Amino acid sequence: MAWLQSDSKLRNHQKVEAAAEDLGISKIEFIGHLHLMWWWVIEYKEKGLVTPYGNIKDEEKELAIAKLLAKGAEWEKDSLTFYNTLVKYAWIDVLDNGDVEIHDWNELSGKYSIRKEQAKERQRKFRSKQKSNDEFYNAKQIDMDAEVWDGKAEIVESVSTVNTDPVATLSQRLFSSLTRTIRGGWDDMPQNERGRYNQAVGQLSDINADPEDIPIRYKHYVMKYGSTPTPQALVNNWGDLAKQPVKLSNDELGKLNKKAREGASLDDWANG
């Protein structure tokens, strides 16, 4: 979630009133358009530098940038009028090459940008260490954790300390074993699904579960209940699945195979 600073003094700023008057709108409307533009910039032009997309001729650059800013600000009238007003009252700065820089962008988004860069650097260092030291290294998982960072340093710090925390190392191994056993890996895993797996991993790490027990108890679950477990179902029955269940009857085994056949070779694996 991207965020920026908004000074309350903006409400009565002379530049706001002057720009609003030139555009023929209220200052409340202008403040709204201004924030919409800033939010668009922090999402799509994070460093505050606005350049046109594609190959644009020099004489077309101004109009192209004006349309981008107007679209970001949800300004539906003439884009050049909006652009020229922003230039006139120094809401944007036009560079020598025709590109545009949002005025005082570092003050508006500075803390967010700095923290995001720091997070990227911690993430890069962690990946480098894990790649050489841990066979269960999961770069994609760490990347996804960083992508949903909401500006709170605690989330990033928890990622950066995994390499030195034995519990976290166990958690990572449990996550790897659990996802491989139930779904064949962690590829294309949506955020909500990942959350369910992480919740199960947290409970397993609390009891210092052995990652190698996961496929064994998964097999016992299939044999006992005739269906494949969700991560939480496996955890909920963890103690009961320590021992292989009583041998199934032929009728029960047939039902099990029918239900499990949709999994890749699960019927052979469960009966092996």
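Note that the structure is a prediction, hence the values are computed from the model and not measured.
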Exercise. Within the side chain of S205, is there an N or O that forms a donor-acceptor pair under 3.5 Å with the backbone of G202?
Worked result: yes

For this session: Treating Ile, Leu, Val, Met, Phe, Trp and Tyr as nodes and any side-chain heavy-atom pair under 4.5 angstrom as an edge, say whether Y44 and V100 lie in one connected cluster.
Result: yes

For this session: Treating Ile, Leu, Val, Met, Phe, Trp and Tyr as nodes and any side-chain heavy-atom pair under 4.5 angstrom as an edge, say whether L86 and L63 lie in one connected cluster.
Result: yes

Problem set entry | Smallest separation among heavy atoms of S177 and I214, with atom names | OG-CB, 3.5 Å

Exercise. Just by modelled atom types, is the T81 backbone N or O under 3.5 Å from a matching donor or acceptor in the T85 side chain?
Worked result: yes

Problem set entry | Rounded distance [0.5 Å steps], CD in Q191 versus CG in N198 | 10.0 Å

All N/O donor-acceptor pairs, side-chain side in residues 232-243, below 3.5 Å, sequence neighbours left out:
unit_1 : atom_1 : unit_2 : atom_2 : d
Q232   : NE2    : Q203   : OE1    : 2.9
Q232   : NE2    : N236   : OD1    : 3.0
N236   : ND2    : Q232   : O      : 3.3
N237   : OD1    : Y225   : OH     : 3.1
N237   : ND2    : A233   : O      : 2.8

Problem set entry | side-chain contact (heavy atoms from CB on, under 4.5 Å) partners of K88, counting only residues at least two apart | D22

Exercise. In Å and rounded to the nearest 0.5 Å, what is the CH2 to CG distance from W40 to L68?
Worked result: 4.5 Å

For this session: Could you name each residue pair satisfying side chain to side chain donor-acceptor pair (under 3.5 Å) that touches residues 63-75, not counting sequence neighbours?
Result: none

Exercise. How many angstroms lie between CG in L69 and CG in L36, if you round to the nearest 0.5 Å?
Worked result: 12.5 Å

For this session: For T51, enumerate each residue passing the side-chain hydrogen bond (donor to acceptor under 3.5 Å, both in side chains) test, keeping only those at least two apart in sequence or located in another chain.
Result: none

Exercise. How far apart are the C-alpha atoms of W38 and H35, what are their side-chain angles, what is the distance that settles it, and do they pass the side chain to side chain contact (heavy atoms under 4.5 Å, CB included) test?
Worked result: CA-CA 5 Å; W38 286 338; H35 278 77; 3.8 Å; yes

Exercise. Measuring from W91:CH2 to H33:NE2, what's the distance to the nearest 0.5 Å?
Worked result: 14.0 Å

Exercise. Does atom CD of E76 have more than 12 heavy-atom neighbours, drawn from other residues, nucleotides or ligands, at distances under 6.0 Å?
Worked result: no

Problem set entry | Cluster check Y53, V41: I/L/V/M/F/W/Y, side chain < 4.5 angstrom | yes

For this session: Heavy atoms only: give me the nearest A70-F82 pair and the separation to one decimal.
Result: CA-CD2, 4.2 Å

Problem set entry | 4.5 Å side-chain heavy-atom contact, R194 and F175 | yes

For this session: With sequence neighbours excluded, give me every salt bridge (charged side-chain N to carboxylate O under 4.0 Å, His left out) pair touching residues 200-214.
Result: D213-R217

Exercise. Are L80 and L34 co-members of a hydrophobic cluster defined by side-chain heavy atoms under 4.5 Å apart?
Worked result: yes

Problem set entry | Atom CD of E21: over 12 foreign heavy atoms under 6.0 Å | no

Exercise. Which atom pair, heavy atoms only, marks the closest approach of E193 to P190?
Worked result: OE1-CD, 3.1 Å

For this session: Quick one: list whatever passes side-chain hydrogen bond (donor to acceptor under 3.5 Å, both in side chains) with K15, sequence neighbours left out.
Result: none

Seminar exercise, completed: Scanning both residues in full, the closest heavy-atom pair of L170 with A209 reads CD1-O, 3.6 Å

Enumerate donor-acceptor pairs with a distance under 3.5 Å from any side-chain N or O in residues 23-32 to protein atoms, sequence neighbours excluded.
unit_1 : atom_1 : unit_2 : atom_2 : d
S26    : OG     : E29    : N      : 3.1
S26    : OG     : E29    : OE1    : 3.3
K27    : NZ     : R11    : O      : 3.1
K27    : NZ     : N12    : OD1    : 3.0
E29    : OE1    : S26    : N      : 2.9

Problem set entry | side-chain contact (heavy atoms from CB on, under 4.5 Å) involving I182 - partner list, sequence neighbours excluded | L178, Y197, Y218, P231

Exercise. Given the rule in the side chain to side chain contact (heavy atoms under 4.5 Å, CB included) test, do I65 and V94 qualify, once you have shown the distances and angles that lead to the verdict?
Worked result: CA-CA 10 Å; I65 293 177; V94 181; over 6 Å; no

For this session: Just jot down the side-chain hydrogen bond (donor to acceptor under 3.5 Å, both in side chains) partners of R196, sequence neighbours excluded, or say none.
Result: none

Seminar exercise, completed: Hits for ring-ring contact (aromatic ring centres under 6.0 Å, His included) against H220, two or more places apart or cross-chain, chain-then-number order -> none

Exercise. For K61, what residues pass the side-chain hydrogen bond (donor to acceptor under 3.5 Å, both in side chains) criterion, not counting sequence neighbours?
Worked result: D99

